[in-house]
Q: 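This is the structure, below, for whatever I ask next.
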Amino acid sequence: MTLHIESRKLTSRVGWIFSHALVWMYVLLVLIPLYFLLVSPFKNNQEIFNTPFSLPHAFDLSNFINAWRDASLGPGLINSAVITVGAEVLTIVLALPAAFSLARFTSRLSAAVERFFLLGFLIPGFAALVPTVLFAVHLNLLYTPEILIFYFTATALPLSVIVLTTFLRTIPKELEEAARMDGAGWFSVLLRIYLPLSISGVMTVVLLNFLAFWNEFVFSLVLLGPDPAVRTVQVALPDLISPTGTQYGLLLAGVLIAFLPPLLVFAILEKRMQSALIAGAVKG
């Protein structure tokens with residue numbers, strides 16, 4: 001009996017050590033590239049290659065200033081923000097009513113519609129490139145932000161609808177029935193009952209879509225072109241690559257500038273998601 005207990009303790013201790021070792025390996029895999037990204041914009045090429053993980057000798061902001069000027073990152077950030085926010089709003093406006101219908105009106109038709117949205121995961125992104133370009137030319141929207149907003153919305157709808165449907169199904173039907181007895185219509189029930197209670201799901205969808213929209217490159221390049229007036233920040237960054245010799249401190253300064261908005265959005269939405277989950281747990 002004693003040997004069995006000791007064996008269980010040893011197995012538990014080995015499992016604890018192994019699991020913590022995996023966690024710390026993952027932390028290092030995340031932190032090392034992040035640290036390299038943070039310190040390299042303050043160095044020149046010689047420092048980056050000779051001492052890549054050392055602290056910079058001086059925190060010189062010249063790489064940031066030159067990257068901002070050479071790649072026209074200001075207009076790129078504005079264009080990315082406008083396109084991302086426009087696509088986010090349009091996606092939520094279309095996905096939320098669709099998810100509400102799938103979550104509450106159960107029938108053979110709703111099940112078929114839900115499977116139809118699942119088919120969106122099976123379509124490779126590159127397979128839609130040529131049809132999207134032809135569609136944009138037909139509508140005279142090529143090289144305009146509107147076509148990218150429509151494309152982002154179309155590609156984000158399958159995941160958004162499925163995620164929101166899952167969240168809406170967790171809300172008790174009794175709340176809906178009570179609101180209906182008080183004379184509330186379906187639209188009022190959606191906005192006043194379901195939307196406040198599913199805010200954590202909405203924030204999850206917004207965060208996932210924001211990262212996808214902001215970081216997209218291929219369709220942004222093809223549909224918007226290289227014009228600095230309309231291109232996104234991701235399309236602007238390759239201007240910092242030189243065929244005669246890339247200054248990697250300059251390039252990483254531009255990457256860090258483009259990286260800050262999604263980092264800020266993630267920090268804000270994460271707090272909102274946590275607050276919504278805690279509020280829902282207290283109410284429950």
Side-chain angles (χ1 to χ4, degrees), residues 64-99 120 125-126 128-129 131-161 163-164 195 199 201-241 251-273:
F64 292 93
I65 297 173
N66 294 332
W68 184 275
R69 183 192 64 241
D70 296 346
S72 299
L73 294 182
L77 289 171
I78 295 174
N79 293 331
S80 291
V82 170
I83 292 171
T84 300
V85 172
E88 288 276 21
V89 172
L90 187 58
T91 300
I92 295 299
V93 168
L94 295 177
L96 191 59
F126 283 105
L129 182 57
T132 303
V133 172
L134 296 177
F135 182 71
V137 172
H138 180 71
L139 295 180
N140 199 26
L141 292 177
L142 190 64
Y143 303 141
T144 65
E146 290 81 5
I147 187 60
L148 201 57
I149 292 175
F150 295 150
Y151 169 76
F152 283 164
T153 301
T155 56
L157 275 176
L159 178 62
S160 301
V161 170
V163 171
L164 289 176
L195 181 57
I199 194 66
V202 174
M203 292 296 104
T204 300
V205 169
V206 169
L207 179 58
L208 292 175
N209 288 339
F210 184 93
L211 296 177
F213 298 164
W214 187 271
N215 294 322
E216 205 285 326
F217 175 77
V218 175
F219 278 82
S220 300
L221 174 62
V222 174
L223 296 177
L224 296 181
D227 185 3
V230 295
R231 68 183 182 183
T232 62
V233 67
Q234 303 299 338
V235 179
L237 285 177
D239 281 0
L240 300 176
I241 300 175
L251 176 61
L252 291 173
V255 171
L256 186 58
I257 292 174
F259 173 73
L260 290 178
L263 180 64
L264 180 61
V265 169
F266 177 80
I268 295 173
L269 293 185
E270 184 187 27
K271 291 182 179 179
R272 293 292 302 273
M273 289 167 59

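In this text, all values refer to a predicted model and were calculated from it rather than measured experimentally.
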Q: Looking only at non-hydrogen atoms, find the nearest pair between G225 and V235 and report the distance.
A: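 Taking G225 first and V235 second, the nearest heavy atoms are O-CG1, 4.2 Å.
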
Q: Which pairs count as side-chain hydrogen bond (donor to acceptor under 3.5 Å, both in side chains) when at least one residue sits in residues 137-150, sequence neighbours excluded?
A: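 Qualifying pairs: T144-E146.
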
Q: For residues 218-236, pull every pair meeting side-chain hydrogen bond (donor to acceptor under 3.5 Å, both in side chains), keeping only residues two or more places apart or in separate chains.
A: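 Sorted result for residues 218-236: E216-S220, R231-D239.
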
Q: Could you tell me whether a side-chain N or O of N79 sits under 3.5 Å from a main-chain N or O of A229, the two making a donor and an acceptor?
A: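 It does hold such a pair.
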
Q: Minimum heavy-atom separation for G74 to W68, with atom names?
A: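 Reported closest heavy-atom pair: CA-CZ2, 3.4 Å.
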
Q: State the OG1-CG distance between T84 and L211, to the nearest 0.5 angstrom.
A: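 Atom-to-atom, T84:OG1 and L211:CG are 10.0 Å apart.
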
Q: Find the distance between CG (L73) and CG (N66) and round it off to the nearest 0.5 Å.
A: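 Answer for the CG-CG pair, L73 versus N66, is 11.0 Å.
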
Q: Please report the closest heavy-atom contact between P262 and W214, naming both atoms and the distance.
A: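 Scanning both residues, the minimum pair turns out to be CD-NE1, 3.7 Å.
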
Q: Roughly how far apart are I147 CD1 and F219 CZ, rounded to 0.5 Å?
A: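 Going from CD1 on I147 over to CZ on F219, the span is 10.5 Å.
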
Q: Of the non-hydrogen atoms in A156 and F213, which two are nearest, and what is the gap between them?
A: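 Minimum heavy-atom separation between A156 and F213: CB-CZ, 3.6 Å.
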
Q: Between CG of L207 and CD1 of I268, what distance do you get to the nearest 0.5 Å?
A: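 So the gap between those two atoms works out to 11.0 Å.
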
Q: Under the 3.5 angstrom rule, does the side chain of S80 hit a backbone N or O of V233 as a donor-acceptor pair?
A: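 Judged by distance alone, yes, a pair lies under 3.5 Å.
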
Q: Apply the side chain to side chain donor-acceptor pair (under 3.5 Å) test between S160 and each candidate in T204, T155, T91, N209; give the one that qualifies.
A: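 Of all the options given, the one that passes is N209.
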
Q: Quick one: CG on L90 to CD1 on I149, what's the gap to the nearest 0.5 Å?
A: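 Those atoms lie 8.0 Å apart.
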
Q: At what distance, to the nearest 0.5 angstrom, does CG of L252 lie from CD1 of I257?
A: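 Here the rounded value is 11.5 Å.
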
Q: For A98 versus V161, what's the shortest heavy-atom pair and its separation?
A: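 A98 and V161 have their closest heavy atoms at CB-CG2, 4.2 Å.
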
